[in-house]
2 protein chains.
Amino acid sequence: MSDRNRSEGGEGPPRARRRRGAELEEAVYTAALEETAELGLPRVTMEGIARRAGTAKTSLYRRWSSPEDIVLGALYRIHPVEQPSPGADDLRGDLIAALTLMRDAMVQPVYGLVMSSLLSEAQRRPDLHERLYAEVFDARGGRFTRTVLQHYADHGRVDPARLTPVVVDIGEALLIKYGIDAMEVPDDDYIAAIVDQAILPAIGHGPQQPADSAD
Amino acid sequence: MSDRNRSEGGEGPPRARRRRGAELEEAVYTAALEETAELGLPRVTMEGIARRAGTAKTSLYRRWSSPEDIVLGALYRIHPVEQPSPGADDLRGDLIAALTLMRDAMVQPVYGLVMSSLLSEAQRRPDLHERLYAEVFDARGGRFTRTVLQHYADHGRVDPARLTPVVVDIGEALLIKYGIDAMEVPDDDYIAAIVDQAILPAIGHGPQQPADSAD
DNA sequence: TTGATAAGCTACGGGAACGTTTCTAATGGG
DNA sequence: CCCATTAGAAACGTTCCCGTAGCTTATCAA
């Protein structure tokens, strides 16, 4: 614990090199997310990030002014971007695809934990809530099933009157609650069950098959 | 700020008295919840609780050994207990009542914030997750719509095959997500919309009236 | 090759919370 | 009324992080 230039901290290559610019930034973002995932946002410190990234506090303060700034920047990078569904004709399939995209994002070991910590902090810090939705969610368009349902409504395949605020949130809500309860991410069967047992009935496309998977 | 016996800290009666036993415990629990609501669990400290409760650290360590112990104890006290629905015959009304109970619990200024912080911490601390569910949720039976749906299924008024894990979670999931997104608790119309637009369709009791409230 | 720039290292004083110890004094039961 | 019990006050050394400063050295472009 005395000679911190030896690659002993855990990850770096046996660094005689000195990283700069984008490379360093990348390492810092990665470290920031790992710190947040392990400790939770309130315990993330500049010193901790610097330690984990194998850099110096000074280098962090040169670019950012708080741990929070770093974490938000890092989060922006890994937030999933939803590819616009091509004018497809498979509502069920597209809903499953949208939830799967969200699920796969959550399954990145850090993503779910970071999100959970951020959202919790945001509950009591309106400024952070604002930044999170403005700089990450809205900036990235991560609205998942809402986008899909809207698309099909626009093409007359779903009754637009059914797309209430409640209905467009069903999928994400169940995914989130599953994550909270189970501390892990649901499998494909559960996602299919969400679509078949909750979303489709709500938009009047009744349960095609009673589908007793995920029981 | 020098004479801390004057009722200057904010709440206590101009205390010459000295609280003990249950009375003191009560004050500590209240302080712990307020601290958690304001700062989030990770920033709750023994010193902070003591300060807010107007007592001494020594008195806290006499009974508890960590801020977390205090918060969990406090949470147990305020977790809502669901009164068993009498053999009623109003599924929709009972579902609304169950969600309203949960909503009203969340609306206690501290409850929602404390929960959110606890759940977030629990995501990365299996021991805490375990304690939270064991000592609070399960111990208190707070399962809300699940209980109602089960009741009606037992009496043959709901198809038991429809009560999948997904379906019994719809209501709570939507309530939680609303809280996260809006940073406040939904009104009665929104709860009715959840029941009419999401839960009832999922159990095959189609939307009685398209009910375009909460639109 | 040289020189400006950016990265890394060390150290600083300040603050907050830790968990414990020692002591004083209020409280309520006997 | 007295005294065992329990609350409260104060101080302790320790640890961690803060934000900044002064310096050395690696890196890249001109």
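Letters go in sequence order (proteins before strands), and every chain restarts at 1.
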Give me, pair by pair, the N or O atoms of the protein and of nucleotides 15-19 of chain D that are less than 3.5 Å apart, along with how far apart they are.
{"unit_1": "D:dC17", "atom_1": "OP2", "unit_2": "A:R51", "atom_2": "NH2", "d": "3.0"}
{"unit_1": "D:dC18", "atom_1": "OP1", "unit_2": "A:M46", "atom_2": "N", "d": "3.2"}
{"unit_1": "D:dC18", "atom_1": "OP2", "unit_2": "A:M46", "atom_2": "N", "d": "3.3"}
{"unit_1": "D:dC18", "atom_1": "OP2", "unit_2": "A:E47", "atom_2": "N", "d": "3.2"}
{"unit_1": "D:dG19", "atom_1": "OP2", "unit_2": "A:Y61", "atom_2": "OH", "d": "2.5"}
{"unit_1": "D:dG19", "atom_1": "N7", "unit_2": "A:K57", "atom_2": "NZ", "d": "3.0"}
{"unit_1": "D:dG19", "atom_1": "O6", "unit_2": "A:K57", "atom_2": "NZ", "d": "2.8"}

Handout entry: Axial bend angle, the helix from C:dT1-D:dA30 to C:dG30-D:dC1: five-pair end segments, nearest 10°
Key = 20°
Problem - Donor-acceptor under 3.5 Å (A:Y111 side chain, A:L75 main chain) - result: no
Practice task
Taking A:H129 for its side chain and B:A182 for its backbone only, find out whether a donor-acceptor pair lies under 3.5 Å.
Solution key: no
Exercise for the section: Give a yes/no on whether any side-chain N or O of B:R62 is located under 4.0 angstrom from OP1 or OP2 of D:dA7. Expected result: yes
Exercise for the section: Ignoring hydrogens and angles, tell me if any N or O in the side chain of B:S120 forms a donor-acceptor pair with the backbone of B:S116 under 3.5 Å. Expected result: no
Practice task
Please state whether the phosphate of D:dG8, meaning OP1 or OP2, lies under 4.0 angstrom from any side-chain nitrogen or oxygen of B:S59.
Solution key: yes
Exercise for the section: Check A:L118, A:V44, A:L41 against A:E68 for a side-chain contact (heavy atoms from CB on, under 4.5 Å) and give me the one that passes. Expected result: A:L41
Completion exercise
Between CG of B:L60 and P of D:dT6 the distance, given in whole Å, is 16 Å
Completion exercise
Regarding the side chain of A:T58, the nearest nucleotide among C:dA7, D:dG8, C:dC9 is C:dC9
Exercise for the section: Would you check if the side chain of B:E172 reaches a backbone N or O of B:T145 as a donor-acceptor pair within less than 3.5 Å? Expected result: yes
Exercise for the section: Report yes or no: does A:T36 contribute a side-chain atom to a donor-acceptor pair with the main-chain N or O of A:V114 at less than 3.5 Å? Expected result: no
Exercise for the section: Spell out, as yes or no, whether a donor-acceptor pair under 3.5 Å connects the side chain of A:R124 to the backbone of B:A37. Expected result: yes
Problem - Phosphate OP1/OP2 of D:dA7: any B:R63 side-chain N/O under 4.0 Å - result: yes
Handout entry: Spacing between B:W64 atom CH2 and C:dC18 atom P, to the nearest angstrom
Key = 15 Å
Fill in the blank from the handout: Whole-Å distance, A:I49 CD1 to C:dA7 P, equals 16 Å
Practice task
For A:T30 and A:E26, indicate whether the former's side chain and the latter's backbone hold a donor-acceptor pair under 3.5 Å.
Solution key: yes
Fill in the blank from the handout: Rounded to whole Å, CD of A:E23 lies from P of D:dA26 at a distance of 16 Å
Handout entry: Under-4.0 Å salt bridge between B:R103 and B:D187
Key = no
Problem - Short side-chain N/O contact to C:dG8 OP1/OP2 from A:T55, under 4.0 Å - result: yes
